[in-house]
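Have a look at the structure below, then the notes.
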Amino acid sequence: MVVGESGLGKSTLINSLFLTDLYPERIIPGAAEKIERTVQIEASTVEIEERGVKLRLTVVDTPGYGDAINSQDCFSTIIAYIDDQFERYLHDESGLNRRHIVDNRVHCCFYFISPLGHGLKPLDVQFMKAIHNKVNVVPVIAKADTLTLKERERLKRRILDEIDEHGIKIYHLPDAESDEDEDFKEQTRILKTSIPFAVVGSNQQIEAKGKKVRGRLYPWGVVEVENPEHNDFLKLRTMLITHMQDLQEVTQDLHYENFRSERLKRGGRKGAEPVEVDKDMILLEKEAELRRMQEMIAKMQAQMQKQGDGEGEGHHV
């Protein structure tokens with residue numbers, strides 16, 4: 001999932017990540033249309049291949065986020081979508097055909113932060129706090145080519161300080177295992193120190209130093225999308241591919257379990273208020289059910305025994 005204000009290059013980055021054009025017919029609304037605009041949810045399926053491994057991903061874009069004058073409830077649609085995917089998974093998991101469950105849960109949210117401010121905006125803080133217990137949040141600084149290297153490092157530190165200050169839980173990459181090779185350990189260390197990722201997106205092919213590259217052409221030179229010295233695009237892509245399994249596991253073991261336990265507290269009713277569960281009452285009900293089943297089995301065994309005795313007598317006659 002990608003979330004952030006309009007104009008931060010979310011769609012461009014997604015197209016750059018997956019080398020495709022997901023939104024060829026998207027119409028950019030004017031200022032008047034944005035006044036009362038609500039957030040939309042647009043899901044698209046894409047494939048990404050790295051070292052012969054193919055990943056099939058569902059990308060969820062959220063046009064309209066933060067556009068309206070009153071953005072107080074602009075993330076309710078997004079939260080409802082995340083919860084709905086959990087709800088569908090819970091329903092499928094409770095069904096009979098559990099071997100072929102389609103997992104449409106949101107495993108990762110790239111949250112786009114403007115490079116033009118002095119850190120996080122109140123909307124950024126509110127949104128990340130609203131979803132950090134539901135999904136793995138990965139903060140991304142958009143349009144990093146508008147910052148000098150010093151400005152970029154300063155903004156990264158400021159964002160991390162504010163995330164810590166507000167108690168926002170972002171996704172933390174797991175440490176490399178001791179038996180992993182040194183290259184992977186170094187890659188993990190670099191990825192950890194690069195958060196929040198400062199990225200540049202572009203689908204244009206530009207000639208630079210005699211070769212064609214994807215980048216942005218400026219009067220003073222070229223910013224290459226896939227050059228790690230220019231931005232963190234490749235690091236973000238590497239993180240997504242190499243840690244997809246961990247993102248799924250954190251979703252399953254933490255966020256989905258949180259959702260499931262909340263649903264159980266509400267007695268399995270969607271949207272109901274949490275109610276106190278009387279554990280003693282549940283235990284008594286289970287014991288009564290167990291006794292009923294034991295009595296039923298005893299009756300069935302007695303009937304079978306009786307039938308067996310009757311058949312035996314018939315043979316003697």
Does a salt bridge link [X] with [Y], judged by any charged N lying under 4.0 Å from a carboxylate O?
| X | Y | value |
| --- | --- | --- |
| Arg158 | Glu162 | yes |
| Glu153 | Lys150 | no |
| Glu151 | Arg154 | no |
| Asp175 | Lys192 | yes |
| Glu224 | Arg216 | no |

(message) Taking salt bridge (Lys or Arg N to Asp or Glu O under 4.0 Å) as the definition, give me every residue that meets it alongside Glu186, ordered by chain and number, with sequence neighbours left out.
(response)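 Glu186 satisfies salt bridge (Lys or Arg N to Asp or Glu O under 4.0 Å) with Arg189 once adjacent residues are dropped.
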May I ask you to test the [X]-[Y] pair for a side-chain heavy-atom distance under 4.5 Å?
| X | Y | result |
| --- | --- | --- |
| Asp61 | Ser44 | no |
| Val3 | Phe112 | no |
| Leu90 | Phe259 | yes |
| Asp92 | Val102 | no |
| Ile195 | Pro139 | yes |
| Tyr218 | Asp145 | yes |
| Val140 | Ile113 | no |
| Met239 | Leu236 | yes |

Between [X] (side chain) and [Y] (backbone), is there a donor-acceptor pair under 3.5 Å?
| X | Y | value |
| --- | --- | --- |
| Asn136 | Leu247 | yes |
| Lys156 | Ser194 | yes |
| Asn258 | Leu254 | yes |
| His230 | Val223 | no |
| Thr12 | Ser202 | no |
| Lys185 | Ser178 | yes |
| Asn231 | Val225 | yes |
| His132 | Ile168 | no |

More than 12 heavy atoms of other residues, nucleotides or ligands under 6.0 Å from [atom1] of [X]: yes or no?
| X | atom1 | answer |
| --- | --- | --- |
| His91 | NE2 | no |
| Gln205 | CD | yes |
| Arg152 | CZ | yes |

(Q) Can you confirm whether or not the ring centre of Phe233 sits under 6.0 Å from the ring centre of Phe197? (A)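 No, they do not, as the ring centres are separated by 6.0 Å or more.
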Quiz item: Where do Met1 and Ile78 land on the side chain to side chain contact (heavy atoms under 4.5 Å, CB included) test, with the steps shown first?
Solution: CA-CA 10 Å; Met1 175 177 275; Ile78 298 167; 3.6 Å; yes
### Message
Checking Thr242 against Gln187 for the side chain to side chain contact (heavy atoms under 4.5 Å, CB included) test, could you report, in this order, the C-alpha distance in whole Å, the side-chain angles of both residues, the deciding distance, and whether it holds?
### Response
CA-CA 10 Å; Thr242 58; Gln187 181 192 82; 4.0 Å; yes
Calculate, to the nearest 0.5 Å, the distance between atoms [atom1] and [atom2] belonging to [X] and [Y] respectively.
| X | Y | atom1 | atom2 | result |
| --- | --- | --- | --- | --- |
| Asp246 | Leu173 | CG | CG | 7.5 Å |
| Thr193 | Leu191 | OG1 | CG | 8.0 Å |
| Asn133 | Glu262 | CG | CD | 9.5 Å |
| Tyr111 | Ile170 | OH | CD1 | 13.5 Å |
| Ile141 | Leu116 | CD1 | CG | 11.5 Å |
| Arg214 | Ser16 | CZ | OG | 5.0 Å |

I need the minimum non-hydrogen distance between [X] and [Y], along with the two atoms involved.
| X | Y | answer |
| --- | --- | --- |
| Asp232 | Pro196 | OD2-O, 4.2 Å |
| Pro174 | His243 | CD-CD2, 3.6 Å |
| Gly7 | Lys143 | O-NZ, 2.8 Å |
| Gly215 | Ile206 | O-CD1, 3.0 Å |
| Ile131 | Ile79 | CG2-CG1, 3.9 Å |
| Lys10 | Glu5 | NZ-O, 3.2 Å |

- Message: With side chain to side chain contact (heavy atoms under 4.5 Å, CB included) as the criterion, how do His255 and Lys134 come out once you've worked through the C-alpha distance, each side chain's angles and the decisive distance to 0.1 Å?
- Response: CA-CA 5 Å; His255 302 306; Lys134 297 176 179 288; 5.5 Å; no
Hydrogens and angles aside, do [X] and [Y] bring a side-chain donor and acceptor to less than 3.5 Å of each other?
| X | Y | result |
| --- | --- | --- |
| Glu249 | Gln245 | yes |
| Tyr256 | Glu93 | yes |
| Asp103 | Tyr89 | no |

- Kindly indicate whether a cation-pi arrangement holds for Arg105 with Phe86, taking the cut-offs as under 6.0 Å to the six-membered ring centre and within 45° of the axis.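 Negative - Arg105 is either too far from the ring of Phe86 or too far off its axis.
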Please tell me whether Leu13 and Val213 are part of a single hydrophobic cluster in this structure, the criterion being side-chain heavy atoms less than 4.5 Å apart.
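They do not share one cluster, since no chain of ILVMFWY contacts under 4.5 Å joins Leu13 to Val213.
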* To do: Check the hydrophobic clustering (I, L, V, M, F, W, Y; side-chain heavy atoms under 4.5 Å; chains of links allowed) and say if Leu149 and Trp220 are grouped together.
  =>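 As far as the 4.5 Å side-chain criterion goes, Trp220 and Leu149 are not connected within one cluster.
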task: Please step through side chain to side chain contact (heavy atoms under 4.5 Å, CB included) for the pair Tyr171 and Val138, ending with a clear verdict.
output: CA-CA 6 Å; Tyr171 174 68; Val138 177; 4.1 Å; yes
